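These notes concern the structure reproduced below.
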Number of protein chains: 2
Amino acid sequence: MVYSASASVDHFPGASHQAKLTLEIVFGSRVLEFCHAGHSVFWEGDVASDAFMIGEGLLRLYRILPDGRRAITGFAFPGDVLGLAFHDRYLYTAEAVTDVRLRRFPRRRLHALATDCPYLHHDILRVIAGELEAAQEQMVLLGQKSAEERVASFLLMNARRVGKGQAVPISFDLPMTRLDMADYLGLTIETVCRAVTKLKQAGLVSMEGRHKVFLHNPAELSRFAGLDDFELAHPPWPKPALPPVETDPIETGEPGRGGFHQ
Amino acid sequence: MVYSASASVDHFPGASHQAKLTLEIVFGSRVLEFCHAGHSVFWEGDVASDAFMIGEGLLRLYRILPDGRRAITGFAFPGDVLGLAFHDRYLYTAEAVTDVRLRRFPRRRLHALATDCPYLHHDILRVIAGELEAAQEQMVLLGQKSAEERVASFLLMNARRVGKGQAVPISFDLPMTRLDMADYLGLTIETVCRAVTKLKQAGLVSMEGRHKVFLHNPAELSRFAGLDDFELAHPPWPKPALPPVETDPIETGEPGRGGFHQ
DNA sequence: CGTCTCCTTGAGGCAATTCAAAAACCGTGG
DNA sequence: CCACGGTTTTTGAATTGCCTCAAGGAGACG
């Protein structure tokens with residue numbers, strides 16, 4: 001009952017205090033597993049024993065309401081890491097949209113490693129912060145945006161993943177079905193279709209087959225989406241996460257901003 | 001480079017490796033600050049230098065869209081900790097609904113402490129996991145639920161905070177305005193009002209003044225909300241978060257569930 | 001080439017919004 | 001304690017954006 005790759009994992013404890021462990025390295029030591037399209041990697045409510053790093057393919061992450069409605073809370077793309085910040089159970093089901101390759105690592109052990117390795121600790125926090133940011137963005141989308149804005153936002157969100165420097169038209173694949181998009185955007189299939197059609201008619205978007213998308217005018221599309229300009233949005237600030245650690249400046253006792261008092 | 005309050009804080013480094021530091025303890029060493037109703041603790045886009053623990057009062061956490069729409073992504077109640085999992089900027093504005101008392105602690109230093117203290121590390125992860133869980137829940141609510149279900153869910157969510165063992169009718173305060181609720185639930189003021197009125201007419205809810213709520217039939221309300229039974233819901237599993245950190249048992253190499261292959 | 005599934009478009013209905021006005025609440029000052 | 005003005009909440013009527021229901025079209029696969 002031992003993983004074929006666990007020999008290399010055993011190297012971690014020795015090197016951990018000084019080594020610059022990253023999630024990439026930690027997961028890289030594990031065997032590649034496969035999950036076929038339509039099958040689940042884990043289910044909502046299961047004991048959350050492992051974290052996962054996606055190698056290839058696409059996962060849909062969803063919860064089911066008592067009466068059967070499905071809410072897709074996110075998608076997991078290659079490079080994404082799942083399951084770092086749960087209590088003891090998975091909060092959603094992770095199901096393969098396409099055939100998926102991934103690696104798993106025991107959560108407890110991962111967090112134990114992080115205790116000894118600031119680099120890894122930092123890396124984990126960075127991933128979790130990204131998840132939280134995505135969730136925030138989605139709450140804004142679902143709570144405030146119209147159907148067309150949601151679809152436009154969704155397209156831009158995917159465009160962003162392929163890199164911003166891209167030449168126009170920006171092109172990418174959307175392997176998920178219209179139903180997946182609908183359940184993610186809080187709309188129906190038909191409404192998603194109509195929104196896409198409108199964007200096509202406006203000359204902002206075109207498609208090749210069902211899954212290949214071209215964005216001909218990202219800037220204009222951003223206005224459609226209720227976002228700031230595409231280039232400026234996400235992130236308006238550089239990404240290097242937390243600045244270098246140093247001691248804090250003196251506590252000034254300044255009232256701070258906006259009505260602080262002691 | 002010395003904190004005014006840092007005399008006590010300086011004790012941390014020495015004791016950290018063995019000490020059972022918790023967020024409660026760490027924040028407890030800091031001065032209590034005040035923020036008056038209507039003022040902000042921090043703004044979206046500000047450099048996220050500090051984390052905050054709420055002592056008393058209520059904060060609304062929101063983002064503003066370019067055209068002025070406001071999305072409230074959450075509320076912060078006494079005991080809640082804010083700002084643990086951001087990149088380098090705050091993702092939302094935190095504004096006092098009522099007068100608020102809170103303590104702040106520099107994020108960098110907090111994470112540095114966590115590196116040395118598994119207890120604290122664990123505590124931080126638990127809080128972040130809670131944030132993520134709340135965000136998930138909200139995405140489901142905003143994406144899939146009707147107006148009445150959203151309002152019912154909101155009331156139950158607040159009831160849950162006062163403790164579940166409560167005798168019926170469960171009573172609690174909702175210090176925020178109807179507009180806050182609306183912007184949180186992705187509805188308009190009027191729709192929130194109408195939904196509350198319906199729940200009152202159904203005998204499930206009553207109110208005293210504008211902010212005091214009584215739930216006369218939580219179980220029935222739960223069905224209204226598209227949740228499982230109130231007692232069973234949230235959390236169906238015990239809360240003690242992650243089990244104590246230790247090395248993992250032997251890797252079992254079981255293929256897991258759902259179509260995994262090597 | 002046929003079948004199945006998924007996608008797209010159209011017509012009509014409904015839940016939530018918008019616009020409007022009355023009622024309740026709150027703090028203030030008499 | 002009560003009267004008053006401003007704010008927030010509640011209710012009503014009309015509108016609309018999205019959903020539902022329905023049918024036709026396109027793509028995927030054996």
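Small disclaimer: the values here were computed from a predicted structure and weren't measured.
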In whole Å, what is the span from the CG atom of B:L185 to the P atom of C:dA16?
12 Å

I need a per-nucleotide contact map over nucleotides 25-30 of chain D, read 5' to 3'. Cutoff is protein heavy atoms under 4.0 Å; write B for the base, S for backbone only, - otherwise.
BBS---

Short side-chain to backbone donor-acceptor contact, A:K212 and A:S171, under 3.5 Å:
no

Looking at A:R70 and A:D180, does any basic side-chain N land under 4.0 Å from a carboxylate oxygen?
yes

Check the distance between D:dT7's C1' and B:D180's CG and give it to me in whole angstrom.
14 Å

Quick one: does any side-chain atom of B:R104 pair with a main-chain N or O of B:D50 as donor and acceptor, under 3.5 Å?
no

Please check: side-chain N/O of A:Q138 versus main-chain N/O of A:Y184, any donor-acceptor pairing under 3.5 Å?
yes

Distance, rounded to the nearest Å, where B:I189 contributes CD1 and C:dC19 contributes P
14 Å

Is there a donor-acceptor pair closer than 3.5 Å between any side-chain N or O of A:R63 and the backbone N or O of A:A71?
no

Between protein and nucleotides 12-23 of chain D, map the contacts as a letter string: B base, S sugar-phosphate only, - none, heavy atoms under 4.0 Å, written 5' to 3'.
BB----SSBB--

Look at the rings of A:F214 and A:H216 and say which category their plane angle falls in: under 30° parallel, 30 to 60° tilted, over 60° perpendicular.
parallel

Counting N and O atoms only, with roles assigned by atom type, does the side chain of B:R103 sit under 3.5 Å from a partner on the main chain of B:R30, one being a donor and the other an acceptor?
yes

Can you measure B:R178 atom CZ to D:dT7 atom C1' for me and round it to whole angstrom units?
14 Å

If the test is side-chain contact (heavy atoms from CB on, under 4.5 Å), which one of B:V97, B:D80, B:L174, B:V100 qualifies with B:L58?
B:V97

Rounded interatomic separation in angstrom, taking CG from A:D183 and C1' from C:dC6
14 Å

Distance, rounded to the nearest Å, where A:K200 contributes NZ and C:dT9 contributes C1':
12 Å

In whole Å, I'd like the distance from the CE atom of B:M207 to the C1' atom of C:dA24.
12 Å

